[in-house]
Each structure stands twice: as C-alpha cells, then as structure tokens.
Engineer: 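Below is one structure. I have some questions about it.
Throughout, protein chains are lettered first and strands after them, A, B, ... in sequence-line order, and every chain is numbered starting at 1.
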Amino acid sequence: MTRDGDSPARVRFAPSPTGHLHLGGLRTALFDWLWARKTGGQFILRIEDTDRKRFEPESLDSLIRGLRWLGLEWDEGPDIGGPFAPYVQSQRQEIYLEKAQELIDRGHAYRCFCTPERLASLREEQRRTGHRTGYDRHCRRLSDEERSQREAEEIPSVIRFAVPLEGDTTFTDLVRGDIRVENKQMQDEVLLKADGLPTYHLAAMVDDHLMEITHVLRGEEWLATAPIHKLIVDAFGWDMPVLVHLPVILDPSGKGKMSKRKKLVAGKEFLALVHEFQDAGYLPDAMFNFLTNVGWNFDPEQEVFSREEAIDRFCLDEINPSAAALPYEKLDWLNGLYIRSLSPAALKVALVPYLSRQLGLSEDELNSDGRLDVLIPVIQERLKRLDEGADWVDWAYLTSDELSYSDPKLLIGRKMDAAQSIAMLRAGALLLGEVEPFEADAIQGAFRERAAELEVKAGNFFGPIRGAVSGKKVSPPLFESIVALGRHETLQRIGRATTFLEGLTKEEGK
RNA sequence: GCCCCCAUCGUCUAGAGGACUAGGACUCAGGCCUUUCAAGCCUGCAACAGGGGUUCGAAUCCCCUUGGGGGUACCA
C-alpha cells in the first residue's frame with residue numbers, strides 16, 4: 001500500500017505556533033510534502049494554536065518563511081484556504097465543543113470538576129509514595145446527581161476521555177508494526193480544557209477526520225499517546241489514518257532530543273532553528289537534499305539527488321525507526337557542493353545580501369563595480385556556507401588606510417628575511433606598473449617569468465605580494481585578487497608594505 | 001518508578017538467513033596536484049552492544065541483559 005501506485009494521499013503538517021521552527025519540524029514537513037507529491041495528493045498546513053499560554057504570534061511568520069525557504073508549497077492552509085477551511089484550530093472551537101459533547105453523549109467522555117490544585121497535590125502525593133502518577137478518575141465516578149449539581153453551580157470543568165478500564169489497545173505504526181498497550185496504563189486525558197479550547201488529542205483527531213487526512217506523519221514523541229488517539233477515533237467510529245512516527249532528531253552529542261541550541265565538547269555551537277541555517281547561508285536545495293537523507297535513505301550509493309528524484313523514490317515504509325543525530329559535517333560538504341554547482345551569476349545574487357550585512361555596504365555598492373565579478377568565481381570552490389564569503393573578500397573593500405601591516409610575518413615568508421621580501425615587493429611593483437593587459441593570466445605570466453629570471457620560487461615571490469595586497473596569509477588566488485583591486489590600489493598597497501618593511505630593517509640596523 | 005520505542009564504522013546510512021573477508025557517504029590520516037587556502041584525484045583507519053537460543057548456516061528470526069531515546073500536563 002505504500003509502493004508505487006498509491007492512491008493520492010492527504011497529508012498534513014500541523015505545527016503549533018509556540019516558537020521558531022526547528023530542523024526536526026522542517027524534516028517532518030519535508031516528508032509530508034514528499035509523500036503528498038509522490039502520491040499526487042495534497043499537502044495541508046494546519047495551525048494548532050490551542051495553547052493560549054504558549055502562543056507566539058511571530059512564530060507563524062517564521063514558520064511560513066521556513067517552509068517556503070525549503071520550497072515546500074502547501075495545497076491547503078490558513079493563508080490560501082481550501083475545502084476544509086478554516087485551517088487554524090482556534091477558529092474551529094465550536095466544532096471541538098460539539099464533538100466533545102458527542103463523546104459525552106455516547107458515554108466515552110465525562111466532565112471533570114477537579115481543580116488544578118487538587119490535581120497537583122494528587123500528583124505530589126503519588127510521587128511521594130512512589131506510585132505512578134495520573135488522574136485518579138475521581139469525577140468519572142460522580143453520580144448523575146452530583147454531576148448536575150456541580151454543573152448548576154457552574155464549577156469550572158474540563159472534559160476527559162473515559163478510557164476503558166480493562167483490555168488493551170493495539171494500533172499500527174507503519175515503520176514499527178503493531179504496538180499493543182494495556183488500557184490500564186492509559187490516562188483519562190483531557191479533551192477540552194476549562195477555557196473551552198481542545199487539547200491536541202481531541203483537536204487533531206477531529207481535524208484529521210474532517211479534513212480527510214490519510215497519513216499522519218509526526219514526531220516520535222507522539223508514539224506514547226497514539227493508543228489514546230486510537231481509542232478516541234474508535235469512540236467516534238472513524239477510521240484511523242496511517243500512522244508514521246518519525247524518529248526524533250538527537251542533539252549533536254547524541255544525547256537527548258535536539259533542543260534550541262546546545263554546545264558540544266569542542267565548545268562549538270550547533271544550529272537547530274531553521275532561520276539560523278538560513279542566516280548561515282545554507283542553500284535550500286542543499287538542505288532539502290540533506291534532510292531527505294536523515295531518517296530515510298535515497299540510495300546508499302548516491303548522495304546527491306534532485307527534488308524530482310527524491311519524490312520519485314520516496315517511500316514511507318522505508319523510513320528508519322531509530323533516532324539520529326544530524327551529520328552537520330555532511331551538511332557543510334553538501335552545501336559546498338551545491339554552492340559550486342551554481343553559476344557565478346547565481347552565486348553573486350545569493351551572496352550579495354550576506355556580504356552587504358557583514359561588510360556594512362549596501363547591495364548597490366557591492367554591485368556597482370567589477371570586484372565581485374572577478375572574485376566570486378575564484379572563491380566559489382572555497383565556500384561551504386554563504387556567510388563565509390565576507391572573510392574571503394573583505395580586504396578588497398578596505399581603504400589603504402584601513403589596511404595595516406603590523407605583523408611582519410604577513411609579508412615575510414618562511415626561510416626568508418625582510419630584505420628578500422622587500423626585493424620581491426619591488427620587483428612585483430615594477431611588473432604591475434607596466435603589465436598589459438591588466439588581467440589575471442597576463443599578470444601571472446609576467447610574474448612567473450620574472451621569478452624564473454630571479455631564480456626564486458614562485459611561492460617566495462607571490463607570498464609577500466599576497467600579504468601586501470590582501471593583508472592576509474590566506475586569500476583568494478593572487479592574480480584575480482590583484483585584478484579585483486585594480487592597478488592603482490594594488491601599487492599603493494605594495495608601496496605601503498615596502499615602506500613598512502624598510503622601517504623595520506632600519507630599526508634593526510640601529 | 002511505570003509504559004512504549006530503538007540498537008551496523010565517530011556521524012548519516014546499505015543490509016529484509018547463504019551474494020558479507022559487512023557496502024557507500026561525511027569526518028579524520030597519508031599521498032598527488034598546487035601561488036596561500038580550497039577544490040579535484042588516489043590510498044588508508046574505522047562497526048554488526050553482550051549473552052543465550054532457532055538453523056546445515058544469523059548483522060539479518062526469537063529471548064534475556066545492557067545501553068540509548070520518548071512519554072508520564074487543563075503543552076503540543
């Protein structure tokens with residue numbers, strides 16, 4: 001039933017807007033989307049905002065941006081509507097109320113008048129005495145009389161599900177098989193809260209049914225509540241959708257579920273939130289490729305694949321049931337691969353916003369001259385993330401004054417002395433003053449020729465020049481850097497570097 | 001504590017009883033290339049958690065142990 005030829009599935013991603021979307025959520029959405037596209041069905045976005053205390057309005061925006069960033073377009077959702085609108089649970093309150101009442105009428109639920117205080121002290125007592133925690137079903141045993149009396153007094157109440165006292169419940173998880181749990185292990189979960197809003201247990205089951213959801217993909221943290229959900233769905237007399245619990249994503253250390261942000265032994269910070277990956281300059285295509293292979297495997301012999309290929313091969317019953325840590329190094333490698341596959345023009349478009357932010361220059365300024373056009377092709381293969389671009393080109397945007405040569409090691413290579421470096425700088429300046437055309441190949445040719453005449457190694461010649469031009473030990477290829485800077489600015493920098501070294505040798509001579 | 005799930009190189013994974021001297025990828029190490037740094041190419045290190053079964057034969061099936069994870073809310 002999950003092989004080729006599956007009928008169109010209706011799959012929903014149903015996050016609660018309680019904060020920024022993290023990679024685990026994004027992966028769930030991705031698998032949802034993949035399955036909907038694979039079967040030619042629908043991908044539905046539903047907002048589960050039934051917790052007023054934890055609701056954060058901004059997270060909705062963040063959520064939508066994150067999904068769009070990865071390219072997961074939904075077919076029905078709060079912003080575009082659909083045949084089962086509204087897709088925001090807080091706007092569906094009457095439905096849940098009605099359904100909860102229906103369960104009471106059928107004897108599957110009951111009103112509970114216990115105060116939060118009683119519940120808390122009950123829990124405390126259970127913990128203290130080493131008993132298992134849980135509601136003691138006090139109100140389930142209320143007589144009709146007692147119940148109507150409390151209702152008449154308008155004592156605040158919730159509606160709880162009445163779990164069968166005996167027997168057991170079996171449900172099926174597509175990747176784990178049948179799972180059986182004794183009913184006595186389950187709680188009379190709250191279905192409708194005192195504020196009139198439903199809990200997940202009610203709202204999700206009702207909406208999944210009403211919205212004709214065929215497959216529910218959700219995090220493994222829901223596995224323990226699945227039997228309750230089965231019981232609720234059974235109580236209504238509905239069909240259970242296919243359940244797939246996606247393995248949790250572990251903290252990079254492999255210990256515990258990934259949370260917002262944690263530090264690893266190396267003291268290195270790992271990203272977890274979708275917008276953080278965005279800001280760091282991971283490409284959506286790379287992220288798509290990466291995430292698809294966590295919890296599922298495209299092909300053990302093929303690491304890189306397109307969205308179309310992924311849709312074509314994706315299969316729910318191949319999902320891996322075991323928890324996994326994100327292989328961050330692989331993400332970097334993949335991202336580098338995708339960056340290299342971009343055309344220089346496309347990379348420029350992607351890179352300029354990052355450069356603008358980090359260098360404090362406007363995008364117009366960055367686009368106004370040819371520096372980036374020369375530099376981008378040569379830094380392309382050096383980038384793993386877009387936010388590394390600034391480190392590769394910042395020197396080109398410094399004025400002569402801003403560039404200082406305080407460290408002689410920058411200009412003097414290993415096994416060289418200051419006098420030799422000065423000679424190299426002078427020779428370089430001489431060449432750069434007259435070489436034509438002022439292009440990387442021509443300049444390189446002239447430099448190599450001169451190196452041969454001088455009988456010095458290319459590295460010894462280029463090193464001091466590199467230091468003078470970029471102010472760095474490590475820079476993009478020298479001759480492209482020189483071209484990006486232009487003849488005038490390059491000569492200026494070499495001149496200043498020469499002066500600096502000369503001052504140094506004089507001091508030593510004293 | 002109780003319930004449930006999971007278990008192959010450091011990490012992501014392939015493996016659905018014989019094709020496994022366990023394959024791929026990332027990382028790491030070494031080499032080639034080389035103007036720095038990368039990229040690229042080549043080589044290498046590295047795993048079936050342990051113990052019992054079942055079977056002619058087990059990484060693959062069963063049981064136990066251990067380890068890890070999840071849940072135990074008027075949160076999702």
Engineer: Within the structure shown, what part of the strands sits under 4.0 Å from A/T50 by heavy-atom distance: base, sugar-phosphate, or nothing?
Structural biologist: sugar-phosphate

Engineer: Below 3.5 Å, does any donor atom in the side chain of A/R54 face an acceptor in the base of B/C75, or the other way round?
Structural biologist: yes

Engineer: Please determine, for B/A29, whether a Watson-Crick or G-U wobble partner exists with both distances under 3.5 Å, and give it or none.
Structural biologist: B/U43

Engineer: With heavy atoms under 4.0 Å as the rule, sort A/K457 into base, sugar-phosphate or nothing.
Structural biologist: nothing

Engineer: P atom, B/G17 versus B/U72: distance in rounded Å?
Structural biologist: 38 Å

Engineer: Classify A/Q185 by what it touches in the nucleic acid, base, sugar-phosphate, or nothing, heavy-atom distance under 4.0 Å.
Structural biologist: sugar-phosphate

Engineer: Should the pair A/R46 and A/F13 be classed as cation-pi, given the thresholds of under 6.0 Å to the six-membered ring centre and 45° from the axis?
Structural biologist: no

Engineer: Reading RNA chain B from 5' onward, which residue's closest nucleotide shows up sooner: A/P321 or A/L478?
Structural biologist: A/P321

Engineer: Using the six-membered ring of A/Y135, assess whether NZ or CZ of A/R160 lies under 6.0 Å from its centre and within 45 degrees of the ring axis.
Structural biologist: yes

Engineer: How many whole angstroms separate atom CD of A/E56 from atom C1' of B/C75?
Structural biologist: 13 Å

Engineer: To the nearest Å, how far apart are A/R176 CZ and B/C5 P?
Structural biologist: 9 Å

Engineer: B/A14 P sits how many Å from A/W296 CH2, rounded?
Structural biologist: 10 Å

Engineer: Could you tell me the separation between the CG atom of A/D251 and the C1' atom of B/G10, rounded to a whole number of Å?
Structural biologist: 15 Å

Engineer: Identify whether any heavy atom of A/G295 sits under 4.0 Å from a base atom; if not, whether one sits that close to sugar-phosphate; answer base, sugar-phosphate or nothing.
Structural biologist: sugar-phosphate

Engineer: Between A/N320 and B/C6, is there a side-chain N or O to OP1/OP2 distance below 4.0 Å?
Structural biologist: no

Engineer: Write down the distance between OH (A/Y200) and C1' (B/G71), rounded to a whole number of angstrom.
Structural biologist: 14 Å

Engineer: When you compare the side chains of A/R180 and A/T170, does any donor N or O come within less than 3.5 Å of an acceptor on the partner?
Structural biologist: no

Engineer: Rounded to the Å, how far apart are A/K257 NZ and B/C5 C1'?
Structural biologist: 14 Å

Engineer: Can you find a side-chain donor-acceptor pair between A/R176 and A/H245 that sits under 3.5 Å?
Structural biologist: no

Engineer: Heavy atoms under 4.0 Å, any strand shown: does A/A194 hit a base, just sugar-phosphate, or nothing?
Structural biologist: base

Engineer: Checking all strands, does A/S475 fall into the base, sugar-phosphate, or nothing category for heavy-atom contacts under 4.0 angstrom?
Structural biologist: base

Engineer: B/G1 phosphate, OP1 or OP2: any side-chain N/O from A/R127 under 4.0 angstrom?
Structural biologist: no

Engineer: Just to confirm, is there a sub-4.0 Å distance from OP1 or OP2 of B/U36 to any side-chain nitrogen or oxygen of A/K472?
Structural biologist: no

Engineer: Could you work out the separation of B/A19 and B/C12 based on their C1' atoms and round it to a whole Å?
Structural biologist: 25 Å

Engineer: Please state how far atom CE in A/M424 lies from atom P in B/U35, giving the value in whole angstrom units.
Structural biologist: 16 Å

Engineer: B/G51 and B/A59: how far apart are their C1' atoms, nearest whole angstrom?
Structural biologist: 16 Å

Engineer: So what does A/V294 touch, heavy atoms closer than 4.0 Å: a base, only the sugar-phosphate, or nothing?
Structural biologist: sugar-phosphate

Engineer: For a quick check of understanding: with a heavy-atom distance under 4.0 Å over all strands, which category does A/P300 fall into, base, sugar-phosphate or nothing?
Structural biologist: base

Engineer: Is any side-chain nitrogen or oxygen of A/K384 closer than 4.0 Å to OP1 or OP2 of B/A39?
Structural biologist: yes

Engineer: Looking at A/E153 and A/R150, does any basic side-chain N land under 4.0 Å from a carboxylate oxygen?
Structural biologist: no

Engineer: Taking only N and O in the side chain of A/K409, is any of them less than 4.0 Å away from OP1 or OP2 of B/U36?
Structural biologist: no

Engineer: Which whole-number value in Å describes the distance from A/I319 CD1 to B/C5 P?
Structural biologist: 18 Å

Engineer: Of the listed nucleotides (B/U27, B/A76, B/A39), which one gets closest to any side-chain atom of A/R340?
Structural biologist: B/A39

Engineer: Counting the atoms with a prime plus P, OP1 and OP2 as sugar-phosphate, which does A/C112 contact under 4.0 Å by heavy atoms, base, sugar-phosphate, or nothing?
Structural biologist: nothing

Engineer: Any strand is fair game: report the nucleotide pairing with B/U21 by Watson-Crick or G-U wobble, both distances under 3.5 Å, or none.
Structural biologist: none

Engineer: Ignoring hydrogens and angles, state whether a donor on the side chain of A/Q89 or A/D207 is under 3.5 Å from an acceptor on the partner side chain.
Structural biologist: yes

Engineer: With a 3.5 Å limit on both atom pairs, tell me what B/C48 is paired to, counting Watson-Crick and G-U wobble, or say none.
Structural biologist: none

Engineer: Taking any heavy-atom pair under 4.0 Å as a contact, classify A/Q444: base, sugar-phosphate, or nothing.
Structural biologist: base

Engineer: Using a 4.0 Å heavy-atom cut-off, does A/P198 contact any base of the nucleic acid, only the sugar-phosphate backbone, or nothing at all?
Structural biologist: sugar-phosphate

Engineer: Under 4.0 Å between any heavy atoms, over every strand shown, what does A/R160 touch: base, sugar-phosphate, or nothing? Just pick one.
Structural biologist: sugar-phosphate

Engineer: Both distances below 3.5 Å, Watson-Crick or wobble geometry, any strand: find the nucleotide opposite B/A58.
Structural biologist: none

Engineer: For residues A/D51 and A/Y200, is any side-chain donor paired with an opposing acceptor at under 3.5 Å?
Structural biologist: no

